Trainee: 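Dropping a structure here in structure tokens format, bear with me for questions.
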Amino acid sequence: MRKPAGWWWSTPDEVYENGTCWTATRYHGEIVGLKLWSNGTVDKPMIQCRGYSKEAFDDVARQGITRMLNRALKTDEDLKPFYKLSKRDNILCDIVKDLYGMHTVGWPELFPALILAVTLQMAPMKRSGQMMDSLLNQFGEKVSFDGKNIGYWPSPETLAKCPVEEMMAKAKLGYRAKNLKAIAEELSEGFPSLEDLVAMAPDEAKKKILTLQGIGNYSAELVMPRMGFPLDVWSAKIFGVLFNGEKPDNPREAIVALREVAEKRWNGWMGHAFVYVLNDLPRLSEKFGVDFTKF
DNA sequence: GCGTCCAGGTCTACC
DNA sequence: GGTAGACCTGGACGC
């Protein structure tokens, strides 16, 4: 397995050095420190993990966290059919050689994924980063283990109790504060976890996620336990060039049509194609003679 | 230093 | 059933 570039896996504060990742998650409301490293190869992958918590883990917790890791790292994903399809695909054929063995990822926890989706809405990257950093620093928690100090996201309960005005002022969320608070309330009152959503039919899971305030199609696709195709203005420009040879005049309006092309072209594997394409932009830039990294 | 514009969506009122 | 317009606010940009 490889660590896909781009977003962090669990928290922006996680540390990744020499093939080892120090990160954190929340298990049954408690912060857990995680140290993950590879003990395998691309052909025989194996991930080792050590967990750190205030109380010793019992067998149930150990099994629960292992289940979460398997789900969120997509360890049981069979990539063979995707690679077979990619051989005949002009866009994917070289990318899959570069990123051979890379699994797609899932989110360890639902709330942080929703925070990412909400803070990405209608904002340049720098501003989204500022909102997420503020949320982490103003409302999040720190966990210290194995010589690392990792910041982790606030719980839904914390933000559900926080006045909207305070969230706006401290996390610079603007109009998004109202939506994030509504989501936090919904989750703290009992909303299906990612484990529950995985167990549902994909359409049913998406429908459920779409009931959250401020979560539309893009955000739902981003959060979906099964890799979605979250086309936004940025990625629509990239896929516009890949499919049609040019950036769409109006990327926002082009999203629906581009999605249909991807669906037809990659069928059940469009989520994988999405991740592989966006993780290999330098190679695609060479191949298509367009600098996608500057989009 | 100041004014203007707009962003990696979503929702709603209106037709 | 489709769509224009509002939504916070900080950073980029022009002057």
Side-chain angles (χ1 to χ4, degrees), chain A residues 4-8 12 104-105 107 110-139 159 162-187 191 206-224 227-243 246-262 270-271 273-282 284-285 290-295:
Chain A
W7 301 117
W8 57 88
T104 58
V105 280
W107 305 103
L110 180 59
F111 193 47
L114 289 163
I115 290 177
L116 173 69
V118 169
T119 53
L120 281 177
Q121 293 169 8
M122 275 304 281
M125 277 311 298
K126 203 165 184 179
R127 175 136 165 64
S128 299
Q130 185 187 46
M131 288 186 258
M132 286 185 266
D133 285 347
S134 305
L135 276 169
L136 215 63
N137 294 326
Q138 300 286 330
F139 301 100
L159 291 190
C162 181
V164 172
E165 297 72 27
E166 192 181 333
M167 284 167 69
M168 287 176 96
K170 287 188 177 170
K172 301 171 185 181
L173 289 170
Y175 72 93
R176 302 167 197 83
K178 190 162 44 82
N179 293 341
L180 194 57
K181 185 177 165 71
I183 291 169
E185 285 170 348
E186 193 79 22
L187 262 59
F191 190 84
K206 185 169 175 185
K207 216 185 256 177
K208 186 71 195 169
I209 295 167
L210 282 170
T211 61
L212 294 167
Q213 184 178 316
I215 297 298
N217 197 58
Y218 162 75
S219 300
E221 291 277 325
L222 189 71
V223 165
M224 286 273 283
M227 193 61 218
F229 199 78
L231 266 185
D232 52 19
V233 166
W234 168 70
S235 47
K237 289 179 198 162
I238 293 169
F239 283 96
V241 174
L242 293 176
F243 292 157
E246 57 183 5
K247 277 189 199 175
D249 291 334
N250 187 333
R252 212 180 284 284
E253 279 177 13
I255 285 173
V256 173
L258 287 169
R259 201 195 143 80
E260 278 171 16
V261 175
M270 60 197 285
F274 189 85
V275 177
Y276 269 71
V277 163
L278 298 183
N279 278 287
D280 207 19
L281 293 180
L284 280 172
S285 301
V290 179
D291 191 354
F292 291 112
T293 62
K294 297 248 164 50
F295 274 32

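Quantities reported herein were computed from a predicted structural model and do not represent experimental measurements. Lettering of chains follows the sequences in order, A, B, ..., and the numbering in each one begins at 1.
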Trainee: Assuming nearest nucleotide by heavy-atom distance, tell me which of Ile215(A) and Leu278(A) is located more 5' along DNA chain B.
Mentor: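 Whichever sits nearer the 5' end wins; that is Leu278(A).
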Trainee: Take atom NZ of Lys178(A) and atom P of dA6(C), then tell me their distance rounded to the nearest Å.
Mentor: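 Spelled out: NZ on Lys178(A) to P on dA6(C) is 16 Å.
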Trainee: Are Leu180(A) and Phe111(A) side-chain neighbours, meaning at least one heavy-atom pair lies under 4.5 Å?
Mentor: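 A side-chain contact under 4.5 Å exists here.
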Trainee: Provide, to the nearest angstrom, the distance between the CG atom belonging to Asn217(A) and the P atom belonging to dT10(B).
Mentor: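 One finds 7 Å between P of dT10(B) and CG of Asn217(A), rounded.
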Trainee: CG of Leu180(A) versus P of dT10(B): gap in Å, rounded?
Mentor: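 In whole Å, dT10(B) P lies 14 Å from Leu180(A) CG.
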Trainee: Between Ser134(A) and Ala171(A), which heavy-atom pair has the shortest distance, and what is it?
Mentor: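 Minimum heavy-atom separation between Ser134(A) and Ala171(A): CB-CA, 3.5 Å.
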Trainee: Is a side-chain donor or acceptor of Thr293(A) paired with a backbone partner of Pro282(A) at a separation under 3.5 angstrom?
Mentor: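 Such a contact is absent between Thr293(A) side chain and Pro282(A) backbone.
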Trainee: Please give, in whole Å, the distance from dG8(B) C1' to Lys294(A) NZ?
Mentor: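 Distance check: Lys294(A) NZ to dG8(B) C1' gives 18 Å.
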Trainee: To the nearest Å, how far apart are Phe292(A) CZ and dG8(B) P?
Mentor: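 So the two atoms are 18 Å apart, to the nearest Å.
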Trainee: I'd like a table of atom pairs between the protein and nucleotides 2-4 of chain B - only N or O on both sides, under 3.5 Å - with the distance next to each one.
Mentor:
none

Trainee: Taking all heavy atoms of Tyr218(A) and all of Leu231(A), pick out the closest pair and write down the distance.
Mentor: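 In terms of heavy atoms, the two residues are closest at CD1-O, 3.6 Å.
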Trainee: Measure up the Phe274(A) and Phe239(A) rings against each other and bin them: parallel (under 30°), tilted (30 to 60°), perpendicular (over 60°).
Mentor: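 Phe274(A) vs Phe239(A) ring planes: parallel.
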Trainee: Base, sugar-phosphate, or nothing: which does Ser235(A) touch, judged by heavy atoms less than 4.0 Å apart?
Mentor: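 Since no nucleic acid heavy atom lies under 4.0 Å of Ser235(A), the category is nothing.
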Trainee: Suppose you measure atom C1' in dC6(B) against the same atom in dG5(C); what distance do you get, rounded to whole Å?
Mentor: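 After rounding to an integer number of Å, I get 15 Å for this pair.
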Trainee: Starting at atom CH2 of Trp234(A), determine the distance to atom C1' of dG8(B), rounded to an integer number of angstrom.
Mentor: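 To the nearest whole Å, that distance equals 8 Å.
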Trainee: Expressed in angstrom and rounded to an integer, what is the separation of Asn179(A) atom CG from dC7(C) atom P?
Mentor: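 From Asn179(A) CG to dC7(C) P: 14 Å.
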Trainee: Return the CH2 to CG distance between Trp107(A) and Leu222(A), rounded to the nearest 0.5 Å.
Mentor: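 Answer for the CH2-CG pair, Trp107(A) versus Leu222(A), is 5.5 Å.
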Trainee: Are there more than 12 heavy atoms of other residues, nucleotides or ligands under 6.0 Å from atom CG of Asn250(A)?
Mentor: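 Yes, because the 6.0 Å sphere around CG of Asn250(A) holds more than 12 heavy atoms from other groups.
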Trainee: Starting at the 5' end of DNA chain B, write a dot or bracket for each base, bracketing those in Watson-Crick or G-U wobble pairs whose two distances are under 3.5 Å and using | for partners on another strand.
Mentor: |||||||.|||||||
Trainee: Which atoms form the tightest heavy-atom contact between Arg259(A) and Met270(A), and what is the distance?
Mentor: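 Nearest heavy atoms, Arg259(A) then Met270(A): O-CE, 4.0 Å.
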Trainee: Starting at CD1 of Ile255(A) and ending at P of dG2(C), how long is that distance when rounded to a whole Å?
Mentor: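 Rounded to the whole Å, the gap is 17 Å.
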Trainee: Quantified in whole Å, what is the P atom distance between nucleotide dG8(B) and nucleotide dC13(C)?
Mentor: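 Roughly 13 Å separates the two P atoms.
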Trainee: Output, in order, the C-alpha distance, side-chain angles, deciding distance and verdict of side-chain hydrogen bond (donor to acceptor under 3.5 Å, both in side chains) for Lys170(A) and Asn137(A).
Mentor: CA-CA 9 Å; Lys170(A) 287 188 177 170; Asn137(A) 294 326; over 6 Å; no
Trainee: What does the list of N/O pairs under 3.5 Å between the protein and nucleotides 9-11 of chain C look like, with a distance for each?
Mentor:
| residue | atom | partner | partner atom | Å |
| --- | --- | --- | --- | --- |
| dT9(C) | O4' | Arg127(A) | NH2 | 3.2 |
| dT9(C) | O2 | Arg127(A) | NE | 3.4 |
| dG11(C) | OP1 | Gln130(A) | NE2 | 2.8 |

Trainee: Does Ser128(A) have a side-chain nitrogen or oxygen under 4.0 Å from the phosphate oxygens OP1 or OP2 of dA7(B)?
Mentor: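 For dA7(B), OP1/OP2 do not have a side-chain N/O of Ser128(A) under 4.0 Å.
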Trainee: Hey, does the side chain of Glu186(A) reach the backbone of Thr211(A) with a donor-acceptor pair shorter than 3.5 angstrom?
Mentor: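 No; zero donor-acceptor contacts below 3.5 Å.
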Trainee: Using modelled atom types and a 3.5 Å cut-off, is there a donor and acceptor pairing between side-chain atoms of Arg127(A) and backbone atoms of Lys172(A)?
Mentor: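 Side chain of Arg127(A) to backbone of Lys172(A): a pair is present.
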Trainee: For residues Lys178(A) and Met167(A), determine if any side-chain heavy atom of one lies less than 4.5 Å from a side-chain heavy atom of the other.
Mentor: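 No, every pair of side-chain atoms sits at 4.5 Å or beyond.
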